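Here's the structure, in structure tokens; my notes come after.
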Amino acid sequence: MIVWINGAFGAGKTTAARELIELIPNSTLFDPEDIGAAVVRLLPPKHLTEVGDFQDLPIWRRLVIDTAAAMLAELGGTLVVPMTLLRQEYRDEIFGGLAARRIAVRHVLLAPAETILRERIAGRGTPPTLPLGEMGRGHWAYDHIEPYRAALASWLSADAHLIDTGALTPYETAARIAEDLGAGTVPVCDIVQTPEPTAETVAAGVLLFDEHDRVLLVDPTYKAGWEFPGGVVEPGEAPARAGVREVAEETGIQLDDVPRLLVVDWEPPAPPGYGGLRLLFDGGRLDADRARAVLLPGPELRGWCFASEEEAAELLPPVRYERLRWALRARERGAALYLEAGVPIG
């Protein structure tokens, strides 16, 4: 199990975490700041100038997942992780990666009043591993109050177990966390568990269109970037049927007919991914009533939208956009296409 202690700079995450490992048997402290410090030393300075925070580096997020999993495999028990996460997509990527390894995450948010945060920041400096740019001491912490406020008003308060630490000492905060964990009032974070592949996979996506021929895109919680409804084909499952199943699970839309194949795209391996075959099917046009019936985002989806081809180019990662672009051409021509890495062959 992981107890992830979230909160703005000055909330008391690290001091509470140090106290908490004394209260939870067989628990270990893992501070992702250490990963950030290592990444800053390892990567070329030019690469670092392109981001303002090491959390924006995909390598940091991947290493946090891998290191946490390795520590639990080595030590067992409970891992206590004090780390600010204010961007929902980063939370989804990290917690989703841990969930894929069957690691339960209990998300605790230390939330003192903003006035108390500002008082604490005034008396402290910038963390030693930050900033990556040229901010002055303390500026990083102040600059993150607004993103913290925005996250708290949108997804963070609903996602985490809140504890007001304004009047609590670090030990009292830790005791409160331990008490709530023991009472079962800190639930496991509700995020889809998608096992990481260990070999090449076959995945089936389904393109669904509204009355203006815009395509339905979804923003999954378990990986970065927008996608098409769909997922990995299970052993012994027909790809088209897998696409129909995934559409129903993700959006609540039940397709009556087996969708028509548009594109077969071979995705080359790109470590740590294994690649494989990616199929896109034509799920047809949804009338206004069926389009409105798309389920609100749940554990698998952060959001969804209908997008034109031009809008999709801004939302989709390049490889997925190329797949979509050729699928739309195949739909116009009425003939399926074979691609390799998004490029038509033959």
Side-chain angles (χ1 to χ4, degrees), residues 1-40 53-55 60 64 67-68 71-72 75 77-87 90-91 94-95 98 105-131 135-149 151-152 156-157 159-183 185-186 189:
M1 176 180 76
I2 287 178
V3 179
W4 192 289
I5 303 178
N6 202 350
F9 183 68
K13 302 180 297 298
T14 302
T15 51
R18 289 174 180 152
E19 297 282 359
L20 186 59
I21 61 173
E22 301 298 326
L23 300 177
I24 299 178
N26 192 22
S27 62
T28 306
L29 179 67
F30 166 45
D31 191 345
E33 291 273 0
D34 296 333
I35 304 296
V39 166
V40 169
D53 188 329
F54 57 63
Q55 290 198 10
W60 178 82
V64 168
T67 305
M71 288 184 68
L72 283 175
L75 302 171
T78 299
L79 211 58
V80 178
V81 183
M83 190 70 215
T84 299
L85 282 179
L86 300 182
R87 294 185 60 169
Y90 291 173
R91 167 268 190 198
I94 293 172
F95 286 17
L98 294 167
V105 179
R106 285 174 166 79
H107 189 190
V108 177
L109 176 67
L110 306 188
E114 185 176 321
T115 54
I116 294 176
L117 283 176
R118 291 183 177 274
E119 290 173 2
R120 292 177 180 176
I121 291 170
R124 298 170 64 180
T126 302
T129 57
L130 288 170
M135 301 178 190
R137 290 179 62 83
H139 290 183
W140 180 89
Y142 285 117
D143 289 345
H144 279 67
I145 288 180
E146 178 55 37
Y148 166 71
R149 187 189 299 132
L152 192 64
L156 190 53
S157 58
D159 182 87
H161 179 75
L162 271 66
I163 296 178
D164 184 348
T165 61
L168 302 179
T169 66
Y171 175 80
E172 290 170 338
T173 299
R176 171 72 180 278
I177 296 172
E179 179 184 352
D180 291 352
L181 288 169
T185 57
V186 186
C189 195

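These numbers come from the heavy atoms of this one structure, side chains and all, not from hydrogens, waters or symmetry mates. Note that the structure is a prediction, hence the values are computed from the model and not measured.
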Are the side chains of [Y] and [X] in contact, using a 4.5 Å heavy-atom criterion?
X	Y	answer
Thr15	Pro82	no
Val80	Ile177	no
Phe30	Met83	no
Arg106	His161	no

Using modelled atom types and a 3.5 Å cut-off, is there a donor and acceptor pairing between side-chain atoms of [X] and backbone atoms of [Y]?
X	Y	result
Ser27	Ile21	yes
Lys13	Trp4	no
Asn6	Leu85	yes
Thr185	Asp180	yes
Thr165	Leu168	no
Trp60	Pro32	yes
Ser157	Leu152	yes
Gln55	Thr84	yes

Contact summary for [X] and [Y], nearest pair of heavy atoms:
X	Y	result
Ala151	Leu86	CB-O, 3.5 Å
Ala17	Leu29	CB-CD1, 3.6 Å
Ala16	Leu110	CB-CD1, 4.2 Å
Cys189	Arg91	SG-NH2, 2.9 Å

Count the heavy atoms of every other residue, nucleotide or ligand shown that sit under 6.0 Å from OH of Tyr171, and state whether that count exceeds 12.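 It does not: Tyr171 OH has 12 such atoms or fewer within range.
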Look up atom [atom1] in [X] and atom [atom2] in [Y], then write down how far apart they are to the nearest 0.5 Å.
X	Y	atom1	atom2	answer
Thr78	Ile24	OG1	CD1	5.5 Å
Leu23	Glu179	CG	CD	11.0 Å
Ile2	Met71	CD1	CE	9.5 Å

With respect to His107, which candidate in Leu156, Val81, Val186 satisfies the side-chain contact (heavy atoms from CB on, under 4.5 Å) definition?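 Filter result, single survivor: Leu156.
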For Leu79, the option from Leu72, Thr67, Leu98, Val105 that meets side-chain contact (heavy atoms from CB on, under 4.5 Å):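 Only match with Leu79 under side-chain contact (heavy atoms from CB on, under 4.5 Å): Leu72.
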